[in-house]
Amino acid sequence: MAAKNSSVTEFTLAGLTDQPGLLMPLLFLFLAFYMVTMVGNLGLISLIGLNPHLHTPMYFFLFNLSLIDSCYSSTIIPKMLVSFISKKNTISYLGCMTQLFFFCFFVFSESFILSAMAYDRYVAICNPMMYTVTMSPQVYVLLLLGVYGMGFSGGMAHTGNILNLTFCADNLVNHFMCDILPLLELSCNSTFTNELVVFIVVAFGIGVPIISIFISYALILSSILRMHSTEGRSKAFGTCSSHIIVVCLFFGSGAFAYLKPPSILPLDQGKVSSLFYTIVVPMLNPLIYSLRNKDVQVALRKTFVSRVFS
């Protein structure tokens with residue numbers, strides 16, 4: 001399948017490095033990352049599913065965050081691992097557009113589910129007496145539909161934007177995956193409008209969740225400062241700390257990669273930033289929530305003990 005008005009039927013991915021001596025070490029490194037990511041996220045999904053006391057809105061969103069991270073990593077890493085052992089790292093035009101769509105879908109979904117989790121924490125801390133009413137099953141299912149709806153919209157917007165480009169001869173993508181900016185570089189016609197669309201869509205996908213998260217935590221902080229109990233303050237901060245760390249890691253690395261012009265952040269440096277939020281962040285999320293969440297630790301011990309004695 002070729003692009004509309006284009007002669008390109010496949011792309012060659014440049015990968016992370018052109019030094020043969022680094023290929024095997026990188027293969028084992030990223031294979032280890034992928035295994036930790038899948039074990040961590042699928043383990044957290046199983047843990048939440050098996051423990052009834054974790055069937056609350058907070059863990060409902062965490063369940064979906066882990067599901068998104070698992071799919072997100074599987075969109076990128078397997079193809080990257082193949083590139084370390086294949087002589088020619090190619091991907092068809094259709095395969096490239098498919099990878100781009102799912103990459104954008106999961107990035108946008110993660111952005112908005114982090115926003116939904118911040119709202120859940122706001123309701124739990126600022127309006128605890130109304131929590132079960134405000135966060136009813138109907139409400140958090142609607143929030144989840146909104147999360148995946150925004151993910152689908154973001155994926156379609158970016159993929160449709162790239163589908164409108166014309167690719168002539170050069171098909172070497174200076175990246176380890178089919179990402180937006182490297183594909184824009186290959187277009188043989190003007191990309192000003194396309195770059196503007198990318199900036200607007202990314203700014204919306206990052207800006208709206210960040211603003212909603214900021215507002216939620218501003219209200220949470222105001223509520224915490226009004227608490228007279230030191231224990232209550234400590235518990236509230238502990239509840240939010242894991243989420244704040246995940247938000248900073250994800251949005252910080254994403255904004256660094258996409259909200260700077262290529263003249264300021266060359267694509268070769270952009271690869272490093274992309275590695276962080278596409279591979280490292282999905283691996284760290286279940287570890288952060290497991291190590292800093294007492295409910296998850298208790299559920300893990302109970303599940304482990306029950307399986308051992310059974």
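Note that this is a predicted model, so its numbers are computed, not measured.
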Check your understanding: Are Leu183 and Met97 side-chain neighbours, meaning at least one heavy-atom pair lies under 4.5 Å?
Key -> yes
Practice item. Could I get the full list of ring-ring contact (aromatic ring centres under 6.0 Å, His included) partners for Phe33, not counting sequence neighbours? Key: Phe30
Review point. Taking a hydrophobic cluster as the set of Ile, Leu, Val, Met, Phe, Trp and Tyr residues connected by side-chain heavy atoms closer than 4.5 Å, whether directly or through intermediates, do Val208 and Leu145 fall within one such cluster?
Key: yes
**Study point:** Enclosure of Phe152 CZ (heavy-atom neighbours >12, cutoff 6.0 Å)
**Key:** no
Check your understanding: Any link between Tyr119 and Leu219 through a network of hydrophobic side chains (Ile, Leu, Val, Met, Phe, Trp, Tyr) touching at under 4.5 Å?
Key -> yes
Check your understanding: Are Tyr148 and Val141 grouped together when hydrophobic residues (ILVMFWY) are joined by side-chain heavy atoms under 4.5 angstrom apart?
Key -> yes
Review point. Side chains of Phe251 and Leu114: closer than 4.5 Å at any heavy-atom pair?
Key: yes
Check your understanding: Under the 3.5 angstrom rule, does the side chain of Gln99 hit a backbone N or O of Cys178 as a donor-acceptor pair?
Key -> yes
Practice item. Just grab all the side chain to side chain donor-acceptor pair (under 3.5 Å) pairs involving residues 209-225, residues at least two apart or on different chains. Key: Ser115-Ser212, Tyr217-His243, Ser222-Arg226
Exercise for review: Taking the side chain as every heavy atom from C-beta outward, state whether Cys240 and Ile125 have any atom pair closer than 4.5 Å.
Suggested key: yes
Exercise for review: Measure up the Tyr277 and Phe103 rings against each other and bin them: parallel (under 30°), tilted (30 to 60°), perpendicular (over 60°).
Suggested key: tilted
Exercise for review: Would you check if the side chain of Thr191 reaches a backbone N or O of Asn194 as a donor-acceptor pair within less than 3.5 Å?
Suggested key: no
Practice item. Calculate, to the nearest 0.5 Å, the distance between atoms CE and OG belonging to Met177 and Ser83 respectively. Key: 12.5 Å
Exercise for review: Taking all non-hydrogen atoms of both residues into account, name the closest pair between Ser66 and Asn41 and its distance.
Suggested key: CA-OD1, 3.3 Å
Exercise for review: Of all the heavy-atom pairs spanning Asp120 and Met135, show the shortest one and how long it is.
Suggested key: OD1-CE, 3.7 Å
**Study point:** Trace of the side-chain contact (heavy atoms from CB on, under 4.5 Å) decision for Phe176 with Asn89
**Key:** CA-CA 9 Å; Phe176 57 84; Asn89 185 23; over 6 Å; no
Practice item. Check the pair Ser73, Tyr34 against side-chain contact (heavy atoms from CB on, under 4.5 Å), reporting the backbone distance first and the verdict last. Key: CA-CA 7 Å; Ser73 296; Tyr34 186 54; 4.2 Å; yes
Exercise for review: May I ask you to decide if Phe101's main-chain N or O and His158's side chain share a donor-acceptor pair within less than 3.5 Å?
Suggested key: no
Review point. Can you check whether Pro182's main-chain N or O pairs, donor with acceptor, with Asn174's side chain at less than 3.5 Å?
Key: no
Check your understanding: Can you tell me if Glu110 and Asn285 form a side-chain donor-acceptor pair at under 3.5 Å?
Key -> yes
Practice item. Give a yes or no on this: more than 12 heavy atoms of other residues, nucleotides or ligands lie within 6.0 Å of atom CE of Met24. Key: yes
**Study point:** Pair Leu54-Phe63, side-chain contact (heavy atoms from CB on, under 4.5 Å): steps then yes or no
**Key:** CA-CA 10 Å; Leu54 296 182; Phe63 179 97; over 6 Å; no
Check your understanding: Do the rings of Phe105 and Phe102 sit parallel, tilted or perpendicular, given the 30° and 60° boundaries?
Key -> perpendicular
Review point. Hey, what's the ring geometry for Phe112 with Phe204, parallel, tilted or perpendicular (30° and 60° as the breaks)?
Key: tilted
Exercise for review: Starting from the C-alpha separation in whole Å, work towards a yes-or-no answer on side-chain contact (heavy atoms from CB on, under 4.5 Å) for Asn51 and Tyr59.
Suggested key: CA-CA 10 Å; Asn51 288 270; Tyr59 294 103; over 6 Å; no
Point to revise | Sidechain-backbone polar pair: His175 side chain, Leu13 backbone, donor-acceptor under 3.5 Å | key: no
Review point. Between atom CG of Leu47 and atom CG of Leu42, what is the distance when rounded to the nearest 0.5 Å?
Key: 12.5 Å
Check your understanding: Do Ile200 and Ile211 sit in the same hydrophobic cluster, where Ile, Leu, Val, Met, Phe, Trp and Tyr count as joined when their side-chain heavy atoms come under 4.5 Å apart?
Key -> no
Review point. Same hydrophobic cluster for Ile206 and Val280, using side-chain heavy-atom links shorter than 4.5 Å among ILVMFWY?
Key: yes
Exercise for review: Indicate yes or no for a side-chain donor-acceptor contact from Asn161 to the backbone of Ala157 under 3.5 Å, with no hydrogens or angles considered.
Suggested key: no
Review point. Do the rings of Tyr140 and Phe61 sit parallel, tilted or perpendicular, given the 30° and 60° boundaries?
Key: perpendicular
